[in-house]
Amino acid sequence: MSRKQKKMLIRILAAAVLLIALHVIPAAGAARFVLYLIPYLVIGYDILIKAAKGIKNRQVFDECFLMAVATVGAFALALYDRSGDYTEAVAVMLFYQIGELFQSYAVGKSRRNISDLMDIRPDYANVERDGKLEQVDPDEVEIGSVILVQPGEKVPIDGVVLEGSSSLNTSALTGESLPRDVGEGDEIISGCINLSGVLKIQTTKEFGESTVSKILDLVENASSRKSRSENFISKFARIYTPAVCYAALALAVLPPLARLLALGMSPDWGTWIYRALTFLVISCPCALVISIPLSFFAGIGGASNAGVLVKGSNYLETLSQARIVVFDKTGTLTQGVFEVNGIHHSELENEKLLEYAALAESASSHPISRSLQRAYGKEIDRSRVTDIQEISGNGVTAKVDGREVAAGNDKLMDLLGISYIGCHSIGTIIHMAIDGKYAGHIVISDIEKPHSKEAVKALKASGVRRTVMLTGDSRKVAEKVASDLGIDEVYSELLPAGKVEKVEELLKTKKEKEKLAFVGDGINDAPVLRRADIGIAMGAMGSDAAIEAADVVLMDDDPLKIAKAIRISRKCLRIVYQNIVFAIGVKLVCLVLGALGIANMWLAIFADVGVMIIAVLNAVRALFVKKL
């Protein structure tokens, strides 16, 4: 529980104790009013301040305004009737704050789930005070403070190194596995892990503005990327809240005037004002305004706990409607760990052909290029290589030791006008040409991921009606992988632009309410990830460009998590719809009862706080996804 939550809990307990004590203490008149005002202000001063600020800023109609009007009105009514019964006014504010505390705790739990997964949120900062190290909450550290980070600890806040030197593990932030060395005067970002020496750091930002906090905010997407359901609730609240305020005013004024002017009866102002105040408390849209965003937030937290980062509630909603899933092959359904399995029809010694291939491909970071370099097994001397040209989707040409070398697929050989020998082996075939003559080919094979077949089966069980694989690989290899995994359609030998065009075609064929998801991991997948209705990237081995472009990131690269992510999103949407129907249904029934005078202030408290707590409890269920 945070410091803010602890303070609120103390205020709630203090107000509750005072309220109970006042039932025992004999007091009347002005003294009784002042005594009841104490617990009311203890529990409600912040609500009154927020309501006043809202009025000042011309943003009147919100929950704080409704609570302030209802409770102040209840006090005024008790003074008018001279009943001395101020309990309801204090109780309404007390239970409202209990609901707010509960909601705050639930949101905090969701945040902790996301933070724990990413493992970058620091738990504390070491501040030196009176010659001793004191662990404090990073939120409490001001700009310009000096903090110490010891070996094994996370850097809590961005800053500059004043003393010491060390190596930092930045993999959680940058994906870079090599440690980064820092010393005096170097800037340092939060979220890194200190591996060796003690560092004394002067902070340059508050925790809320530091790198680690911004990353968490990006992932949590609490406000910037709202779902249609959240936008509906926001618009609904903007219309609903002023409407019920005017309805309450009409309920307080029109019936008494009608009794007085039309019927010649006593107006009975007290009864109708009480009904209007009850109506206001019932009408507070807290259950909707709090529980719907919380349901999505809990869904994002639950997904993150399962190793799936969803960048916004709008993406969670879209994911629930995915009926077509399109896969990249290499690194997504296969491990992207290529191995040289054979060298055929070589005009040179096999080792020499492999050497030329490795040197020609030395500037590329493609998995196939890396596999050639691994198979060569010796240090690459880049000085031997000049004039490297990478021909997208085809291969490379280069000069190695002054000789013209071409390494690539059938298309490259056709482009260069070189006749080649086909290969019957299943795998990626790298044809080699030296000085314009065919020199043989190298067979490279990829390995399917252990869960890929199970992942495709799970997607179909989850209601995905169509699975498609897009790849730049050869038709023979692509069809073999698709057949092994049970994928419905496969399109091979595609350039990056060809993948986008194919996704465009698939988008045109889908039904109106269906969504298309694309799953990829490479730099060349970024355009397709952006074009699909929902982009899913492999987070552990995937490129930064793919992760940035994607809407959903699988932290452990397991394709089986795609079906789980869809199930999580659907559970979250079910909870959202349950809360909408439940909250609006109960509110409407209680509003009618309140207007008829059947419901009193205590029922109003249930209709407001009770419904909110039930809706929040239901929303928190979205966190629990282990058995999905």
Side-chain angles (χ1 to χ4, degrees), residues 109-121 172 175 215-222 225 227 294-323 325-328 331-333 449-452 454-459 461-464 467 515-521 525 529 532-544 546-576 619-628:
K109 186 171 175 58
S110 298
R111 281 180 175 269
R112 285 192 296 277
N113 273 354
I114 295 172
S115 304
D116 290 347
L117 171 76
M118 297 189 75
D119 198 29
I120 58 174
R121 193 191 198 288
I215 288 174
L216 292 171
D217 284 344
L218 173 68
V219 175
E220 290 161 2
N221 287 293
R225 295 175 175 133
S227 66
L294 179 60
S295 299
F296 281 108
F297 200 74
I300 291 171
S304 69
N305 208 28
V308 180
L309 296 185
V310 184
K311 292 184 179 179
S313 53
N314 55 335
Y315 302 129
L316 201 65
E317 190 169 45
T318 304
L319 187 62
S320 70
Q321 300 167 331
R323 294 294 182 274
V325 177
V326 182
F327 297 94
D328 171 51
T332 302
L333 293 172
K449 287 184 177 178
H451 292 155
S452 290
E454 191 182 348
V456 174
K457 190 176 178 180
L459 282 170
S462 299
V464 172
T467 54
K515 299 297 180 185
L516 181 145
F518 179 82
V519 191
D521 74 313
D525 292 327
L529 287 164
D533 292 321
I534 187 97
I536 303 173
M538 298 293 168
M541 298 297 291
S543 71
D544 290 344
I547 293 168
E548 179 66 27
D551 311 311
V552 177
V553 180
L554 307 180
M555 294 304 289
D556 58 2
D557 288 3
D558 186 353
L560 195 57
K561 291 286 177 69
I562 303 165
K564 182 154 192 172
I566 292 173
R567 291 195 297 271
I568 290 168
S569 67
R570 289 177 185 166
K571 177 182 178 180
C572 179
L573 265 293
R574 282 198 303 272
I575 289 171
V576 166
V620 170
R621 287 198 305 117
L623 280 170
F624 306 109
V625 298
K626 284 185 180 179
K627 294 183 180 180
L628 287 180

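S295 places no side-chain N or O within 3.5 Å of a backbone atom of A619 that could act as its donor or acceptor partner. Proximity of a side-chain donor or acceptor of R323 to a complementary backbone N or O of K515 within less than 3.5 Å is not detected. In this structure, the side chain of K571 engages the main chain of R621 through a donor-acceptor pair within 3.5 Å.
Counting all heavy atoms, side chain and backbone alike, V464 lies closest to A322 at CG2-O, 4.0 Å. Nearest heavy atoms, S313 versus I300: N-CD1, 3.8 Å. Here the shortest heavy-atom pairing between G520 and L529 reads N-CD2, 4.1 Å. In this structure, A458 and L560 approach most closely via the heavy-atom pair CB-CD1, 4.1 Å.
Separation of atoms CG (L316) and CG (L573) is listed at 6.5 Å; rounding is to 0.5 Å. For the atom pair NZ of K561 and CD1 of I568, the computed distance is 8.5 Å after rounding to the nearest 0.5 Å. In this structure, the separation between CD1 on I566 and CD on Q321 is 11.5 Å, given to the nearest 0.5 Å.
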Take V308 and K564 through the test side chain to side chain contact (heavy atoms under 4.5 Å, CB included) and record every step on the way to the result. CA-CA 9 Å; V308 180; K564 182 154 192 172; 5.8 Å; no

Please test I562 against F327 for side chain to side chain contact (heavy atoms under 4.5 Å, CB included), starting from the C-alpha separation and ending with a verdict. CA-CA 11 Å; I562 303 165; F327 297 94; 3.6 Å; yes

List the steps, then state whether side chain to side chain contact (heavy atoms under 4.5 Å, CB included) holds for V310 with D551. CA-CA 6 Å; V310 184; D551 311 311; over 6 Å; no

Between K449 and L333, does the side chain to side chain contact (heavy atoms under 4.5 Å, CB included) criterion hold? Intermediate values first, please. CA-CA 6 Å; K449 287 184 177 178; L333 293 172; over 6 Å; no

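Residues I536 and L319 are in side-chain contact: their nearest non-hydrogen atoms beyond the backbone lie under 4.5 Å apart. In this structure, the side chains of D328 and F518 come closer than 4.5 Å at one or more pairs of heavy atoms. Between S462 and R570, the closest side-chain pair of non-hydrogen atoms falls below 4.5 Å.
Residues passing the salt bridge (Lys or Arg N to Asp or Glu O under 4.0 Å) test with D533 are K510, sequence neighbours excluded.
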